[in-house]
Amino acid sequence: MTDTKQEIERKYEVPWADDTTWLPDLTGVGPIDTVVDQGTEDLDAVYYDTDDLRLAATSAVLRRRTGGTDAGWHLKLPLSPDSREEVRAPLSDALPDTLRDLALSRTRRAEVRPVVRIRSTRGIRQLVDSGSTVLAELSIDSVRAESLLGSDARASWTEMEVELAPETDPALLDVVDEKLRESGVDRAHSASKLARALEETMTGTPLLPDERAAETAVPESAGEAVLGYVEDRVHTLVSLDPAVRRDVPDSVHKMRVTCRRLRSVLRSFRSVLDRKVTDPVREELKWLGNELAAERDQEVLLERLTSRIDALPPELVFGPVAARLQVWDLGNSSEAHQGTLDALNSPRYLALLDSLAMLTEQPPLRDKADRGAENVLAKAILKEYDRLAGRVSYALELSPGPERDTALHAARKAAKKTRYATEPARDALGKPAKRLGKRVKAVQKVLGDHQDSVVARGALRKLTVAAHAADEPSFVWGLLYGQEQAEADRRERELPMVWADASRRDPRKTLN
């Protein structure tokens, strides 16, 4: 069994390490009315990672801690520079399987082992408002770290941490931060105790990621632009894995879109990255996207049909419509989510993660990767745009019906690929790439609404058959089917105007 909490905190260096009882006066800072001393506690934690520190490299932390009020196993996953999600499991000798699975996208089958032991003596103070509500906890830790990687290296330091209580406005961190800086207290250079311990106990260890690092400069070469985008998307996919396993809302959608973005960019920029390497990766990304499709499509359909039913006048809702929809969703959702979990636990998925890691660590750059980003990226975008233009024109020439539906769906895919191709180029090409992406997105939305209607009509046919077989009124399902058909017709009529607006500016003139 696990539970989760979100930590919103900031760490600071302590300039008065010889006197850990001294603290700048925080009373009257923002809503803080009093500072209440809560005494001290001793904490003892062993941190786990792979031999090559895959967890630490992605700013994740896995530890087994005793002492304090939250003894147990903790997996900390980054959300933003100031926040993490902490998944907790009860104290046990062995790493719980639930946490092992949530770390799997980062460890990629590699065994985890103890890497650092950190013991802390923590002085705790609560920051309380005038209504006696605890706003935050300020702790000062005297830290002793020792390596568990075969050396006797040790390190010690003192640090301070301000962690918000649940429901506290995050703006309090900025107010406290300003007061601390005025008092000579600077932000810690390491994002976590583990990062600092590894840096100080492992000679020659590269500096681990700093989540507060400044944004990188505008890429000068095509390779820098494309590879930077690919690395960011791979990081996103890996980070989404724990959320998908825990069925966090919208996580499946985000992972599926990430797969599409990666597939599209690897295809569009074959002149930069060797397709002999990337094409097999694209095929595996397609497989993963298809495995996620059932769960995501079910989410979209349920939301769409529920909103349609809710909008109907009560006098038109005949029969057990809500119950029928619930039965349909329960069966499909449970099966779809299990299919997603089966895919994420499969050797094929882990092999894909290995391939993505290799792709970013040893990128298969071609000669054009060294060329200026503007020309190479613009040429790739224009190829996708030309393909989109051809597919839209072809679809508009067809008569309404299944063949046109298929052609419009193909045009929708081409619109996505064109839009995704503009994303790695936004820093290099600036506003022209952003504007083209925005115009193409409008086309994609119309085509997407049309395709959603096609899929919804298929589901409504099945619901009608099921209702009829159970001797239930099928009026509502037929009514919704008609609405979806009308929606598709509207989108088909709208497409020529939206496409004319999107294509009125020749991208050959704006991108070059």
Would you check if there is a donor-acceptor pair between the side chains of Glu199 and Ser190 at a distance under 3.5 Å?
-> yes
Side chain of Thr201, backbone of Ala153: donor and acceptor closer than 3.5 Å?
-> no
With side-chain contact (heavy atoms from CB on, under 4.5 Å) as the test, would you mind laying out the steps for Glu291 and Tyr349 before giving the verdict?
-> CA-CA 10 Å; Glu291 293 296 310; Tyr349 172 67; over 6 Å; no
Closest heavy-atom contact between Leu353 and Ser105?
-> CD1-CA, 3.6 Å
Is a side-chain donor or acceptor of Ser251 paired with a backbone partner of Asp247 at a separation under 3.5 angstrom?
-> no
Apply the test salt bridge (charged side-chain N to carboxylate O under 4.0 Å, His left out) to residues Glu13 and Arg196: give CA-CA distance (whole Å), side-chain angles for both, the deciding distance (0.1 Å), then the verdict.
-> CA-CA 12 Å; Glu13 304 288 349; Arg196 181 161 181 173; 3.1 Å; yes
Counting heavy atoms not belonging to Gln38, are there more than 12 under 6.0 Å from its CD?
-> yes
The residue among Arg246, Met255, Arg106 that forms side chain to side chain contact (heavy atoms under 4.5 Å, CB included) with Asp241 is Met255
Working for side-chain contact (heavy atoms from CB on, under 4.5 Å), residues Leu262 and Val230 = CA-CA 7 Å; Leu262 272 169; Val230 169; 3.9 Å; yes
For Arg63 and Glu86, which heavy atoms make the closest approach, and how far apart are they?
-> NH2-OE1, 3.8 Å
Is any side-chain heavy atom of Arg84 closer than 4.5 Å to a side-chain heavy atom of His74?
-> no
Heavy-atom nearest pair, Glu159 first then Val14, reads C-CG2, 3.4 Å
Rounded to the nearest 0.5 Å, how far does CG of Leu148 lie from CG of Asp152?
-> 11.5 Å
Would you say the side-chain atoms of Ser264 pair up with the backbone N or O of Arg260, donor to acceptor, closer than 3.5 Å?
-> no
From CA spacing to verdict: salt bridge (charged side-chain N to carboxylate O under 4.0 Å, His left out), Arg256, Glu295 | CA-CA 10 Å; Arg256 190 181 179 199; Glu295 186 169 2; over 6 Å; no
Under 6.0 Å from the NZ atom of Lys5, do we count more than 12 heavy atoms belonging to anything else shown?
-> yes
Should we say atom CD of Glu167 is surrounded by more than 12 heavy atoms from elsewhere, each under 6.0 Å from it?
-> no
Do Val176 and Ile32 touch side chain to side chain, with heavy atoms closer than 4.5 Å?
-> yes
Contact check, side chains of Asp82 and Pro170, non-hydrogen atoms, under 4.5 Å | no
Nearest 0.5 Å please: distance from the CG atom of Leu173 over to the CG atom of Leu164.
-> 4.0 Å
Determine yes or no for a side-chain-to-main-chain donor-acceptor pair under 3.5 angstrom, with Thr58 supplying the side chain and Arg54 the backbone.
-> yes
Name of the residue among Arg119, Arg122, Lys11 meeting salt bridge (charged side-chain N to carboxylate O under 4.0 Å, His left out) with Asp141 | Arg122
Do the side chains of Arg10 and Leu180 get nearer than 4.5 Å, heavy atoms only?
-> no
d(Thr40 OG1, Ile140 CD1) to nearest 0.5 Å is 12.0 Å
Under the salt bridge (charged side-chain N to carboxylate O under 4.0 Å, His left out) criterion, do Arg117 and Asp44 qualify, and how do the steps go?
-> CA-CA 7 Å; Arg117 181 183 184 187; Asp44 190 345; 2.5 Å; yes
Interatomic distance, Leu149 atom CG to Met202 atom CE [nearest 0.5 angstrom] | 5.5 Å
For Thr306 and Leu302, indicate whether the former's side chain and the latter's backbone hold a donor-acceptor pair under 3.5 Å.
-> yes
Under 3.5 Å, side chain of Ser333 to main-chain N/O of Leu330, donor-acceptor pair present?
-> no
Nearest-0.5 Å distance that lies between atom CZ in Arg263 and atom CZ in Arg282 = 5.5 Å
Is there a donor-acceptor pair closer than 3.5 Å between any side-chain N or O of Ser120 and the backbone N or O of Leu43?
-> no
For Ala421 and Phe269, work out which heavy atoms get closest and say how close.
-> O-CZ, 3.4 Å
Euclidean distance, Leu352 CG relative to Lys286 NZ, rounded to 0.5 Å | 14.5 Å
Between Leu62 and Asp49, is any pair of side-chain heavy atoms under 4.5 Å apart?
-> no
Considering residues, nucleotides and ligands other than His337, do more than 12 of their heavy atoms fall under 6.0 Å from its NE2?
-> yes
Whether Asn345 side chain and Leu341 backbone form a donor-acceptor pair below 3.5 Å | yes
Any chance the side chains of Thr50 and Asp52 put a donor and an acceptor closer than 3.5 Å?
-> yes
N/O donor-acceptor pair under 3.5 Å between Arg100 side chain and Val112 backbone = no
Minimal heavy-atom distance between Trp73 and Ser92, with the atoms involved, is NE1-O, 3.0 Å
Check whether any side-chain heavy atom of Val35 sits under 4.5 Å from a side-chain heavy atom of Leu138, and report yes or no.
-> no
Donor-acceptor under 3.5 Å (Arg426 side chain, Ala433 main chain) = no
Checking Lys438, Lys416, Lys441, Arg261 against Glu423 for salt bridge (charged side-chain N to carboxylate O under 4.0 Å, His left out), the one that qualifies is Arg261
Side chains of Val248 and Leu240: closer than 4.5 Å at any heavy-atom pair?
-> no
Which heavy atom in Gly437 sits nearest to a heavy atom in Thr422, and how many Å separate them?
-> CA-OG1, 3.8 Å
Do Ser268 and Ile381 have side chains that get closer than 4.5 Å, going by heavy atoms?
-> no
I would like to know whether Arg435 and Arg439 meet side-chain contact (heavy atoms from CB on, under 4.5 Å); could you show each step before the answer?
-> CA-CA 6 Å; Arg435 288 170 181 157; Arg439 296 202 303 271; 4.0 Å; yes
Criterion side-chain contact (heavy atoms from CB on, under 4.5 Å) on Leu237 and Leu285, from CA distance to verdict | CA-CA 11 Å; Leu237 190 148; Leu285 286 167; 4.3 Å; yes
Does the pair Arg245 and Asp101 meet the rule for a salt bridge (charged side-chain N to carboxylate O under 4.0 Å, His left out), with working shown?
-> CA-CA 8 Å; Arg245 292 177 186 275; Asp101 288 345; 5.2 Å; no
